[in-house]
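Heads up, the thing below is written out as structure tokens.
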Amino acid sequence: MAGPSRRSGRAASCCTCCFSYRLCVSATFALLFLAGASLFLATNPNPNTPTTLQTHGHYSSHQPLQAVSRTFLALKSDPFKARLDLIHRQANDHVALVTAYEAFARKLKLENSKQLRFFADLRRNYTDLMAKPSYRSLLDSDAPIEEDILRQFEKEVKERIKLTRQVISEAKESFDNQLKIQKLKDTIFAVNEQLTKAKKQGAFSSLIAAKSIPKSLHCLAMRLMEERIAHPEKYEDARPEPPELEDPSLYHYAIFSDNVIAASVVVNSAVKNANDPSKHVFHVVTDKMNLAAMKVWFKTRPLHGAHVEVKAVEDYKFLNSSYVPVLRQLESANLQKFYFENKLENATKDTTNMKFRNPKYLSMLNHLRFYLPEMYPKLHRILFLDDDVVVQKDLTGLWNIDMDGKVNGAVETCFGSFHRYDKYMNFSHPLIKERFNPKACGWAYGMNFFDLDAWRSEKCTEQYHYWQNLNENRTLWKLGTLPPGLITFYSTTKPLDKSWHVLGLGYNPSISMDEIQNAAVVHFNGNMKPWLDIAMNQFRHLWTKYVDYDMEFVQMCNFGL
């Protein structure tokens, strides 16, 4: 009896669940019906009945709900509406694409303007199509859409889309090429700008590196000065000057420098390569600041019988501003402004003329070469050597050269169109143009053999003064000593064989070693001086082999490390 009772209970329970489920479903449908009815009533299907959605010709805050409701009903009532919207969107997308390509073509300035006209025509065709009354009403009105009009609209839009894609496909390659060209041009321009800036900064940095005094050189000068102060008795020479200093039968050299180690290398290399050092006399002239250091050096170093005279510029009393045009010009406000009123932010702008603002042009040591006959009145011939040269052979053969009445014996430096007079002087000036040949061959200072008797006869110093006075405003040439030297010795220079003097070891890495080995004198002209860290390693040993590293002060200053 218990079994039938349990079955009856389960049946009753199942009936109860089914009833509850049916009730829930009925309630759900009732709620959906009420919500739909409310939405239907809210749309106000009667256009003549006023509602809160429209007041005084303006939409209320319920306008988005009304638009969504109308769109929903329109789509539900008109199946062509979705199709129209899709076609309209495609047309607008292609109008935007055509407009973009048209603007891009105008920006690229294509040589072939046919494509530009195509894009402009396509854009106008789309605009004209949308502006047709039948299509305009089709797009703006909520009235039922006529299928024939829709098909015609779709056909015309598709024709334009097809033509648009064809034109874009043909133009794409040209546009891509033009874009690549434009990008390359922009890149090249940017790189050129960076290169120009880097060159200016590099030139300025190179000038600073070349003209700054290395710590080791400064240390050496200070140590030598300290030695002179600490032991004055060792370096006082009360003896009269030896007669060899004025003996015209000996071989005389002039070296003007404020660099102790550089001057010592010139003298040391010349002495070591001389057949008879006792017949060689070296006239070293420095400034007053380095005079004591220079005297200590040459007093303590072995010279193997050679004679060395050390003097300061100030010892030559006739070199004053009343006689020397350069000294007088340096006192002018114009030249002082040129040198000393350069603003730091403009330091790298004028890289072409930057080297002419070098402070060495303010030093009288650089202009002493024009006063050799007056400095050494008893001599007939003298060899001028820069302090950045190295002597590799006996030089006495120069005194045997027939100068043919010329004043200056020098190696010419012109080859092709390089190092000719028009590279150094202003031939737009009428006086320069009248007196000189722009294609005349230039020559180098650094190793110059001067016939002092011919110099006095030709009155070359007076010629130098004449031209230097005319150039007070730097209109004939820029600063430096080579241009006035080219002018002064224009018709009085005798070309020497190139093996006497090889130049460029301070800037030209391509000089052959055979040419260097055959040279009597090698010249480290340029910024890469052998005593600087920026020197070229392949040439440095030619100079360092004559540095006296055994001297205690050189070791104390860690020179060459």
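No hydrogens, no waters, no symmetry mates; every other heavy atom, side chains included, goes into these values.
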Trace of the side chain to side chain donor-acceptor pair (under 3.5 Å) decision for Y546 with N273: CA-CA 11 Å; Y546 295 106; N273 289 286; 3.1 Å; yes
Any side-chain heavy atom of [X] sitting closer than 4.5 Å to one from [Y]?
| X | Y | value |
| --- | --- | --- |
| F436 | D422 | no |
| L482 | H419 | no |
| P509 | Q538 | yes |

More than 12 foreign heavy atoms under 6.0 Å from [atom1] of [X]: is that the case here?
| X | atom1 | answer |
| --- | --- | --- |
| F189 | CZ | no |
| K494 | NZ | yes |
| M289 | CE | no |
| K299 | NZ | yes |

Minimum heavy-atom distance P277-V271, with the two atoms named: CG-O, 3.8 Å
Closest non-hydrogen atom pair between L542 and V390, with its separation: O-CG1, 3.6 Å
Determine, for [X] against [Y], whether the closest basic-nitrogen to carboxylate-oxygen distance falls under 4.0 angstrom.
| X | Y | value |
| --- | --- | --- |
| E472 | R328 | no |
| E314 | K288 | no |
| R369 | D386 | yes |

Using atom types as modelled, flag every donor-acceptor pair under 3.5 Å from a side chain in residues 446-456 to any protein atom, sequence neighbours excluded.
| from | atom 1 | to | atom 2 | distance (Å) |
| --- | --- | --- | --- | --- |
| N448 | OD1 | G446 | N | 3.0 |
| N448 | ND2 | N408 | OD1 | 3.4 |
| N448 | ND2 | A444 | O | 3.2 |
| D451 | OD1 | D453 | N | 3.1 |
| D451 | OD1 | A454 | N | 3.1 |
| D453 | OD1 | H380 | ND1 | 3.4 |
| D453 | OD1 | R456 | NH1 | 3.1 |
| D453 | OD2 | H380 | ND1 | 3.1 |
| W455 | NE1 | T461 | OG1 | 2.9 |
| R456 | NH1 | L379 | O | 3.4 |
| R456 | NH1 | L452 | O | 3.4 |
| R456 | NH2 | P373 | O | 3.3 |
| R456 | NH2 | Y376 | O | 3.2 |
| R456 | NH2 | P377 | O | 3.3 |
| R456 | NH2 | L379 | O | 3.3 |

For [X] and [Y], I'd like to know if the aromatic rings sit close, meaning centre-to-centre distance below 6.0 Å.
| X | Y | value |
| --- | --- | --- |
| F489 | W467 | no |
| Y371 | H465 | yes |
| Y490 | Y421 | yes |

N/O donor-acceptor pair under 3.5 Å between N473 side chain and T475 backbone: no
